[in-house]
Amino acid sequence: MQSRNSNSHYGWVAVAFHWLMAPVIIGMFALGWWMVGLGYYDPWYRQGPDIHKSVGILLLILLLARLLWRAVNTAPNPEPAPRWQQRAASAAHGALYLLLIVICLTGYLISTADGRAIEVFNWFRVPATIQGLENQEDIAGTLHEWLAWTLMGLVLLHGLAAFKHHFVNKDNTLRKMLGLGPKTGSLNR
């Protein structure tokens with residue numbers, strides 16, 4: 001498999017970005033959901049958020065690299081579909097990227113509201129550049145939570161759409177994101 005995308009499939013770099021980020025995003029949601037139920041004396045009360053912040057910063061870096069890669073690469077030709085479906089798919093992908101960016105930024109605002117930098121697994125620090133805004137942590141926290149739930153709804157819809165393309169439409173949409181070329185025969189219309 002080649003590194004760059006072609007007209008018929010995604011290259012291994014785009015495939016790796018997608019399949020590396022997908023479980024991390026879902027895992028971050030699960031960790032965040034679990035963390036909000038921890039009590040002050042729970043041993044994970046501090047460790048959970050430290051892991052969540054560190055992975056969040058790394059996810060943002062990966063997301064920015066993915067967007068750069070997407071900008072310099074062509075996308076495979078879309079499967080034949082009504083124009084409204086193509087527009088909906090494009091809007092959904094844009095919303096996924098936008099939600100991820102805003103969720104990362106609100107997470108940053110929560111974590112740095114007190115002026116402390118974010119320690120990323122003791123590898124490097126991300127300084128607090130915006131702090132001291134009135135109710136910064138609370139407002140950013142509320143946005144972070146609501147946007148995360150919205151993202152998970154969109155992720156579910158994204159996954160269901162991929163299965164619909166594969167099992168109902170019998171087209172090559174899912175095969176492209178698996179890095180496979182078009183399948184001839186039963187998958188083609």
Side-chain angles (χ1 to χ4, degrees), residues 10 12-71 91-164 166 174 177-179:
Y10 289 97
W12 69 262
V13 175
V15 170
F17 275 133
H18 182 274
W19 294 109
L20 176 62
M21 290 180 69
V24 171
I25 291 165
I26 294 167
M28 286 289 282
F29 177 80
L31 177 58
W33 190 15
W34 177 70
M35 284 182 341
V36 297
L38 294 175
Y40 183 77
Y41 295 106
D42 191 295
W44 280 91
Y45 184 77
R46 298 224 189 290
Q47 191 174 4
D50 288 344
I51 292 169
H52 192 79
K53 292 176 206 178
S54 293
V55 173
I57 294 294
L58 297 177
L59 181 62
L60 178 60
I61 293 168
L62 193 59
L63 175 61
L64 295 174
R66 181 179 184 173
L67 290 172
L68 178 63
W69 183 256
R70 183 180 167 108
H93 283 102
L96 284 168
Y97 290 127
L98 182 62
L99 281 167
L100 284 167
I101 290 169
V102 176
I103 288 168
C104 288
L105 292 176
T106 56
Y108 171 81
L109 291 173
I110 297 165
S111 302
T112 59
D114 62 1
R116 285 186 288 172
I118 300 172
E119 291 284 340
V120 181
F121 294 120
N122 292 321
W123 299 338
F124 62 94
R125 297 171 62 143
V126 177
T129 57
I130 301 171
Q131 65 211 24
L133 301 175
E134 189 174 339
N135 298 320
Q136 176 177 330
E137 188 173 10
D138 294 335
I139 293 169
T142 300
L143 282 171
H144 192 74
E145 180 181 4
W146 280 99
L147 293 174
W149 278 103
T150 303
L151 177 66
M152 285 302 102
L154 201 51
V155 165
L156 177 62
L157 184 64
H158 180 71
L160 291 173
F163 288 130
K164 181 238 181 217
H166 191 73
L174 183 58
M177 190 38 73
L178 292 171

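All values derive from a computational prediction rather than experimental measurement.
The distance from the CG atom of Leu64 to the SG atom of Cys104 is 8.0 Å, given to the nearest 0.5 Å. Between the CE atom in Met152 and the CG atom in Leu147 there is a gap of 11.5 Å [rounded to 0.5 Å]. Taken from CG in Leu58 to CZ in Phe124, the straight-line distance is 5.5 Å, to the nearest 0.5 Å. Between His93 atom NE2 and Leu154 atom CG the span is 9.0 Å, to the nearest 0.5 Å. Between atom CD1 of residue Ile25 and atom CG of residue Leu96 there is a gap of 8.0 Å, rounded to the nearest 0.5 Å. Rounded to the nearest 0.5 angstrom, Tyr10 OH and His18 NE2 are separated by 8.5 Å.
Taking every heavy atom of both residues into account, Phe121 and Val55 meet most closely at CZ-CG2, 3.7 Å. Across His144 and Thr106, no two heavy atoms sit closer than the pair ND1-OG1, 2.9 Å. The shortest heavy-atom contact between Leu63 and Tyr97 is CD1-CD2, 3.7 Å. Nearest heavy atoms, Pro49 versus Trp44: CD-O, 3.6 Å. Nearest heavy atoms, Leu62 versus Leu20: CD2-CD2, 3.6 Å. The nearest pair of heavy atoms linking Met21 to Leu100 is CE-CD1, 4.4 Å.
Residues Gln131 and Arg116 form no side-chain contact, since every pair of their non-hydrogen atoms from C-beta on lies 4.5 Å or further apart. Between Leu67 and Ile101 there is a side-chain heavy-atom pair separated by less than 4.5 Å. With a 4.5 Å cut-off on side-chain heavy atoms, Gln47 and Ile51 count as touching.
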For residues 26-41, please give each side-chain donor-acceptor pair under 3.5 Å, one per line with the distance, not counting sequence neighbours.
| residue | atom | partner | partner atom | Å |
| --- | --- | --- | --- | --- |
| Tyr40 | OH | Arg46 | NH2 | 3.3 |

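Proximity of a side-chain donor or acceptor of Tyr108 to a complementary backbone N or O of Ile118 within less than 3.5 Å is not detected.
Within a 6.0 Å sphere centred on CD of Glu137, heavy atoms belonging to other residues, nucleotides or ligands number 12 at most.
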